2 protein chains.
Amino acid sequence: MAGKDRYKFDSKIHVYRATRRMTQQELADLVGVSRQTIMQLERNRYNPSMLLAYSIAKVFDVTIEDLFDFKEEGKDA
Amino acid sequence: MAGKDRYKFDSKIHVYRATRRMTQQELADLVGVSRQTIMQLERNRYNPSMLLAYSIAKVFDVTIEDLFDFKEEGKDA
DNA sequence: ACAAAATGTAAAAAATATGTTATAATCGAG
DNA sequence: CTCGATTATAACATATTTTTTACATTTTGT
């Protein structure tokens, strides 16, 4: 997981989820993970596996880069 | 959580790496992981963290979706 | 063919993601 | 305000990624 990471990111999952009026549980079920995993992804922003990120992106028909806002460490939006 | 995944993927890292005449070790250093991590990603195809995938994609100036060939389980290319 | 560099394999340890469960906080509807 | 649904927090257990080390094999240059 690349210890001293050059990049960080913000999840936009909650935005897409809100747009579709979808609950955390529903998204979790669609993707096949627990609700807590979705929750922590939206909140604590930990680093998901690529497949998980991709699966969620697919639910909303967007790319991983659309779903997560990548930026370099130490820079703002 | 590689259990009942809906998606799988093939890495194209070795292709991009070959294009740039870059060694596994060089790429590993650029990204800040061990050579084995790169090696296993190219070979055994395990599921990297999203940040790692992104970091590698950035080295080659492509998107994650460019660097990895996603497909649904049970389907061919 | 030889040497050096690059790649592959393997196993165990370390780090981190994910699951599980339980409980609390929040928010909207009535 | 109260109820139910949704979301948040936390502790602990499990699964998976990533590192480390060491050695085998392949490739490349000369």
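Below, chain A is the first sequence line, B the second, and so on; all start at residue 1. These numbers were taken from a predicted model, which means no experiment stands behind them.
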Look at [X] and [N] and indicate whether a side-chain polar atom (N or O) is within less than 4.0 Å of OP1 or OP2.
X       : N      : value
B:Ser49 : D:dT18 : yes
A:Tyr46 : C:dT16 : no
A:Arg17 : D:dT7  : yes

Shortest non-hydrogen separation from B:Asn47 to A:Met50 and the atoms involved: OD1-N, 3.5 Å

Side chain B:Gln36 and base D:dT21 donor-acceptor under 3.5 Å: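 Between D:dT21 and B:Gln36, which were checked side chain against base, a qualifying N/O pair under 3.5 Å is present.
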
Closest-nucleotide mapping onto DNA chain D: is B:Arg35 or B:Ile38 further toward the 5' terminus? I mean the 5' end. B:Ile38

Between [options], spot the one nearest the side chain of [X], thanks.
X       : options               : result
A:Gln40 : C:dT18, C:dT9, D:dT17 : C:dT18
B:Met39 : C:dG19, C:dG8, D:dT6  : C:dG8
A:Thr37 : C:dT7, C:dG19, D:dT17 : C:dG19

Protein-nucleotide distance ([X], atom [atom1]; [N], atom [atom2]), rounded to Å:
X       : N      : atom1 : atom2 : answer
A:Ile13 : D:dA8  : CD1   : P     : 12 Å
A:Leu52 : D:dT17 : CG    : P     : 12 Å
A:Asp29 : D:dT6  : CG    : C1'   : 14 Å

Do the two ring centres, one from B:Phe70 and one from B:Tyr7, sit under 6.0 Å apart? no

How is A:Ser34 classified with respect to the nucleic acid when contacts are heavy atoms under 4.0 Å: base, sugar-phosphate, or nothing? base

Is B:Lys58 atom NZ crowded by more than 12 heavy atoms from other residues, nucleotides or ligands, each under 6.0 Å away? no

